[in-house]
Amino acid sequence: MTALADAGWLNPLIGLLQGVQLGLLRLLAWLGLAGSSHGQPAWPWPLRLSGENLLIDLGQARRLALTLLVLSLVVLLLLGALVWRRRRWLLLGSVPLLLVLAPWPQAEVVLVPAYPTSFHRSPTGFSAASIAQGRALYAQHCVGCHGADGRGQGPLAAAQAVWPPNLAGPLLWRRADGDLLWHVLHGTKDRHGATTMPAFDRLADAEAWALIDFMKAQGAGQSLRATGVWSQPIGLPEVIVRCEGREPRPLSTWRGQRLRIVAAGSAAALPEDPRVVTVQLRPAASAAQPHVADCVADSPAAWEAFALIAGTDQLGGTQLLADRDGWLRARSAPGKAGWSEDDLLCRTAAGPGSAQDDPPPADGLGALIARMDAEPVRFLKGGFVH
Ligand code: HEC
C-alpha cells in the first residue's frame, strides 16, 4: 500500500475508469440494451478495464494516465480543427503523431476478462445477518476444500487439481465483488478450460453474496490472528442498535462519526467520551452484563460477526474503534486500561509523524484518533474506490 499512498493520482484515475464503465453500463441498462444477470444489469463485453491490475503495476498505470491525457488533447485538437479553419490541416496533422507518441499501456494489463456480473454491487450491506447466513452455508458447502479457517487446508484440498487459495490473504480484496460472485456461482476454470472449482449454481444470489460477506469477515479475523493486524481494511458489519428512548437504528447511520464498540464482559464502567460514539455489544438481549453505554446492539448475529472479525472466541471485554468512514481501525484487548497507538490494526502508508505540526494529544485515545484521522483508508478494491 506504500506505493499507493505515494501515487495520489492513482485513486482518481481508477475512480474515473470505474465511473466511466459503470456509467456506460447504466446508460445501456437505461436504454434497455443491457441484459440482466443475477438480478442486476449485465456487463455485455468479455473484457473490462482493470483497476486491480493498475494498483499493482504502477508503471502501466502511469502510461495509461499519460495516454488518457494525450487522448484528451487529441479531442481538443479535433474540436479546434472544426472551428479554426486556417490551421485545420496543422491541427489534424498532429493527431496521428500524438497517437503514435502516446505511451500506450499493455493491453493485457489494462484489460482483463470480465463476467456479466463484474460490476455488480453487493445488496447485503455487509449485515451481521448476512454474515451469519454465509457462515452456515460455508460450513455446508465450502469447508471441505477451503478449510474451517478459510486457509485452503480442507480435507479435500489435496485432491484438487489446483490448491484452494488462502481466503485470509489479499485475494478477496483484489477481486471485484462481482467477479467473486461469478466464481462462486459458476465455478472457476484454468487456462485450458478445465474446472478448478465446481460451480454452486443452485445457490440463490443472496446466498452467494452472504458467502462473500462471511469470507471477508472470517478473512479479517484470520489475518488478525496470523499477523496481529488487519492486513486488508475491513468495514463495520451492519447491526441494529437501540439507544435509550429512541427508535432502533442501523450502525451505519453514524457514518461520519468515530465509533467505539465495547463487547460486554469487562465489569469496569466506561465513561462516555465526546470523541467517540459508544455502542455496547451484548451476546443476547437477555445477557446479564450491566449497560455501559446508552446504545446497545444485542443480537447474537452481531456478537458473532464482531467475534469473527476480531478473530476470537473470547470477544467479551474487547473494544474496537472505527473511523469516520466506517472502517474498523483499532482493537483494545479485554482488561486493558487505555488505548495507545499500538492498538491501530489497520494502518495506511503514512507513518507516524504525519501530524507533527499538531499539538501532542493528551492521552492514548487522542493519539490513536489523531493517527486514524491523519491516515484515512484509501484502499481500492477491484477498482472500486471506497
Ligand atoms: C471441491 C473443492 C472446492 C469446494 C467445495 C469449494 N471450492 Fe472454492 N476453490 C477451490 C479451488 C481449487 C479454488 C482455486 C481455483 C483457481 O484458482 O482456479 C477455489 C477458489 C475459490 C475462490 C477464489 C476465486 C477467485 O476469484 O480466484 C473463492 C472466493 C471460493 N473458492 C469460494 C468458495 C465458496 C464460497 C465455496 C462454497 C460455496 C467453495 N469455494 C467451495 C475449490 C473448492
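All ligand and atom numbering here is 1-based and tracks the order in the structure.
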Would you call [X] and [Y] a salt bridge, taking side-chain N to carboxylate O under 4.0 Å as the test?
X: Asp325; Y: Arg258; result: no
X: Asp294; Y: Arg246; result: no
X: Glu52; Y: Arg175; result: no

Determine whether the side chain, the backbone, both or neither of [X] has a heavy atom under 4.0 Å from any heavy atom of ligand 1.
X: Thr196; result: both
X: Met215; result: side chain
X: His141; result: both
X: Leu171; result: side chain
X: Pro198; result: side chain

Closest non-hydrogen protein atom to [atom], residue and atom name please, with distance?
atom: atom 36 (C) of ligand 1; value: Cys142 SG, 2.7 Å
atom: atom 12 (C) of ligand 1; value: Val162 O, 3.1 Å
atom: atom 24 (C) of ligand 1; value: His183 ND1, 3.6 Å
atom: atom 19 (C) of ligand 1; value: Met197 SD, 3.4 Å
atom: atom 28 (C) of ligand 1; value: Leu167 CD2, 4.1 Å
atom: atom 4 (C) of ligand 1; value: Cys145 SG, 3.4 Å

Self-check item: atom 8 (Fe) of ligand 1 to nearest N/O/S of Thr188 less than 2.8 Å
Solution: no

Going by the order shown, which atoms of ligand 1 are within less than 4.0 Å of some heavy atom of [X]?
X: Gln160; value: 1 (C), 2 (C)
X: Arg175; value: 25 (C), 26 (O), 27 (O)
X: Pro165; value: 13 (C), 14 (C), 19 (C), 20 (C)

Quiz item: Is the Trp43 ring parallel, tilted or perpendicular to the Trp45 ring (thresholds 30°, 60°)?
Solution: perpendicular

Roughly how far, to the nearest 0.5 Å, is [atom2] of [Y] from [atom1] of [X]?
X: Arg329; Y: Leu236; atom1: CZ; atom2: CG; value: 11.5 Å
X: Leu92; Y: Arg88; atom1: CG; atom2: CZ; value: 7.0 Å
X: Leu259; Y: Cys295; atom1: CG; atom2: SG; value: 9.5 Å

Exercise. In sequence, state the C-alpha distance, the side-chain angles, and the governing distance for Tyr138 and His146, and then conclude on side chain to side chain donor-acceptor pair (under 3.5 Å).
Key: CA-CA 9 Å; Tyr138 183 89; His146 287 282; 5.1 Å; no

N/O separation below 3.5 Å, [X] to ligand 1:
X: Trp163; answer: no
X: His146; answer: yes
X: Lys189; answer: no

Quiz item: Do Val279 and Val296 come close enough that some side-chain heavy atom pair is under 4.5 Å?
Solution: no

Exercise. Tell me, please: is Leu211 in heavy-atom contact with ligand 1, that is, under 4.0 Å?
Key: yes

Practice problem: Using non-hydrogen atoms of the residue, decide whether Asp190 is closer than 4.0 angstrom to ligand 1. | Solution: no

Exercise. Examine Tyr115 together with His183 and report whether their ring centres are nearer than 6.0 Å.
Key: yes

Exercise. Report yes or no: is the cationic atom of Arg249 (NZ for Lys, CZ for Arg) closer than 6.0 Å to the six-membered ring centre of Trp254, at no more than 45° off its axis?
Key: yes

